[in-house]
There are 2 protein chains.
Amino acid sequence: MELAEAKLKFIEAWGKLGSEWGINRTMAQVHALLLVSPEALTTEEVMAELSISRGNANMTLRDLIDWGLVEKQHKTGERKEYFYAEKDTWIIARRVAEERKKRELDPVIKILGQLTEVKGDKKDSAYKAFHSSVTDISRLANNVNKTLDTMLKAEENWFFGSIFKIFK
Amino acid sequence: MELAEAKLKFIEAWGKLGSEWGINRTMAQVHALLLVSPEALTTEEVMAELSISRGNANMTLRDLIDWGLVEKQHKTGERKEYFYAEKDTWIIARRVAEERKKRELDPVIKILGQLTEVKGDKKDSAYKAFHSSVTDISRLANNVNKTLDTMLKAEENWFFGSIFKIFK
DNA sequence: TTAAACTTTCAAAAATAAATGAAAGATTAT
DNA sequence: ATAATCTTTCATTTATTTTTGAAAGTTTAA
């Protein structure tokens, strides 16, 4: 397999994985393209490499910047904007975790907290089932949350070294 | 807030979270409904509670069974099938992790492994960027994989008690 | 100021995913 | 065997998400 083919495979695989996890396929593909590009690329180049429209490229790049995965660069004497992807896998994982936590986990935890407080007849099996399911899920969600918080605070990349060692 | 309203809120929140994570909204809602139901429900009841069609209810319930989150029950003297959701949050989390690992992570790890092997000119910065990104991501994916494997093997619910204690 | 170079927006179109419901397929009771 | 009851399928419809591309907006240079 040669480099060009391998790049395409990588972009395709990354796009598929993204779409299975609720991330726009194109966004994941643009990210993949930038990840394997040693130099920053222009909008034109992204458009050409992935055969997407200007509007799509622009919006996708903006989203990637919002996620903290890509940054704009300016070359002296040039008016075009260049886009460069953060290459440190650990930072990428953290940014994604951080963003999804904020957008999705936090709101759900809030609702679960409220639902945990709902009062009802303790003899009523419908109430009991509701309350215990919600309480359990709430507890799990809060634990995931705490774990993420600590992980997000960790400065270094402990994952590669340590986390799976705690399981024997 | 009363029980009926709380149930709706829970079903809605669960559905939204599901859809943000690549799980069909209806599937997550049916799961939520069954989770807070002390008794197993029939297809008719699911249809009525969520205002969905027979076909949709049937396929969704079948999917939930495939994921190992719901089981069919038969009541003696009755011909109807009843559906009951596993209530143990820990088991639910494990089943979901297991299924997604199998469907999504495993295939990607395989491809990444292949791409790691791609040979090229070590002086070429395009090759260097490709190789190092792919290698890093591959390593992260393999670590996630190992962690999940161990987690899936763990019999008891260590998550609630131990995992986040390792971070100080 | 004007024009060239580049970026952003957004209504409309296209692509994709999910839901419907009628019909076909099973299963059980009589 | 056949009718009643219940389950499954799948071609069509509907809803949702994503993409397009032309027009409007911005910035810089002369």
Side-chain angles (χ1 to χ4, degrees), chain A residues 11-12 14-34 39-67 70-84 100 103-104, chain B residues 11-12 14-34 39-67 70-84 100 103-104:
Chain A
I11 289 169
E12 196 190 339
W14 210 235
K16 187 157 176 260
L17 187 66
S19 71
E20 285 162 340
W21 285 87
I23 285 160
N24 181 303
R25 207 184 80 248
T26 304
M27 183 167 153
Q29 288 183 336
V30 171
H31 185 223
L33 172 63
L34 292 176
E39 304 293 334
L41 302 182
T42 62
T43 303
E44 299 285 339
E45 287 168 325
V46 170
M47 287 165 63
E49 291 273 348
L50 301 177
S51 305
I52 61 175
S53 73
R54 183 173 303 285
N56 197 4
N58 182 271
M59 292 182 115
T60 299
L61 286 166
R62 193 148 52 64
D63 284 349
L64 284 168
I65 290 170
D66 288 346
W67 278 70
V70 164
E71 62 176 14
K72 276 189 192 177
Q73 284 186 348
H74 291 278
K75 302 207 174 179
T76 45
E78 289 235 40
R79 269 173 75 180
K80 274 200 282 287
E81 292 177 333
Y82 286 78
F83 299 91
Y84 183 78
R100 299 205 76 155
R103 296 187 192 192
E104 294 145 23
Chain B
I11 289 168
E12 195 190 338
W14 210 233
K16 186 157 176 261
L17 188 65
S19 71
E20 285 162 340
W21 285 87
I23 284 159
N24 181 303
R25 206 183 83 248
T26 304
M27 183 167 152
Q29 288 183 337
V30 171
H31 185 223
L33 172 64
L34 292 175
E39 304 293 335
L41 303 182
T42 63
T43 303
E44 299 285 340
E45 286 167 325
V46 171
M47 286 165 64
E49 291 273 349
L50 301 178
S51 306
I52 61 174
S53 72
R54 183 174 301 285
N56 196 5
N58 181 270
M59 291 183 115
T60 299
L61 286 166
R62 193 148 52 64
D63 284 349
L64 284 167
I65 290 169
D66 288 345
W67 279 69
V70 164
E71 61 176 14
K72 276 189 189 177
Q73 285 187 348
H74 291 277
K75 302 207 174 179
T76 44
E78 289 236 39
R79 270 175 72 179
K80 273 199 283 286
E81 292 177 333
Y82 287 78
F83 298 91
Y84 183 77
R100 299 204 76 155
R103 296 187 192 192
E104 295 145 22

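When reading the values below, keep in mind they use all heavy atoms of this one structure, side chains included, and skip hydrogens, waters and symmetry mates. Since the structure is predicted, the reported quantities are computational estimates derived from the model, not experimental observations. Protein chains get the first letters and strands the later ones, always in sequence-line order, with residue 1 at the start of each.
Of the charged side-chain nitrogens involved, none lies within less than 4.0 Å of a carboxylate oxygen, so that B/Glu12 and B/Lys16 do not count as a salt-bridged pair.
Atom pair A/Glu78:CD and C/dA4:C1' shows a separation of 15 Å (rounding to whole Å applied). If you measure from atom CE of B/Met47 to atom C1' of C/dG21, you get 9 Å, rounded to the nearest angstrom. Atom-to-atom, NZ of B/Lys80 to C1' of C/dA26 comes out at 17 Å; the value is rounded to the nearest Å. When the P atom of D/dT7 is taken as reference, atom CG of B/Asp63 falls 17 Å away, rounded to whole Å. Between the CD atom of A/Gln73 and the P atom of C/dC6 there is a distance of 17 Å, rounded to whole Å. Rounding to whole angstrom units, NZ of residue B/Lys16 and P of D/dT16 are separated by 15 Å. The interatomic distance linking B/Glu20 (CD) with D/dT17 (C1') rounds to 14 Å, in whole Å. Here the C1' atom of nucleotide D/dT7 and the NZ atom of B/Lys72 are 8 Å apart, to the nearest Å.
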*Apply side-chain contact (heavy atoms from CB on, under 4.5 Å) to the pair A/Trp67 and A/His31, showing each step before the final yes or no.*
CA-CA 11 Å; A/Trp67 278 70; A/His31 185 223; over 6 Å; no
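No more than 12 heavy atoms of other residues, nucleotides or ligands sit less than 6.0 Å from atom CZ of B/Arg25. For B/Glu39, the CD atom counts as loosely surrounded, since its 6.0 Å shell holds 12 or fewer non-hydrogen atoms of other residues, nucleotides or ligands.
Distance alone, capped at 3.5 Å, is enough to place a donor-acceptor pair between the A/Glu45 side chain and the A/Thr42 backbone.
The side chain to side chain contact (heavy atoms under 4.5 Å, CB included) test with A/Val70 is passed by exactly one of A/Leu34, A/Leu41, A/Val30: A/Leu34.
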*How does each nucleotide of nucleotides 19-29 of chain D score, in 5' to 3' order, for protein heavy atoms under 4.0 Å: base (B), sugar-phosphate only (S), or none (-)?*
SBB-----BB-
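For B/Asn58, the listed nucleotide lying nearest its side chain is D/dT9; candidates were D/dC6, D/dT9, C/dC6.
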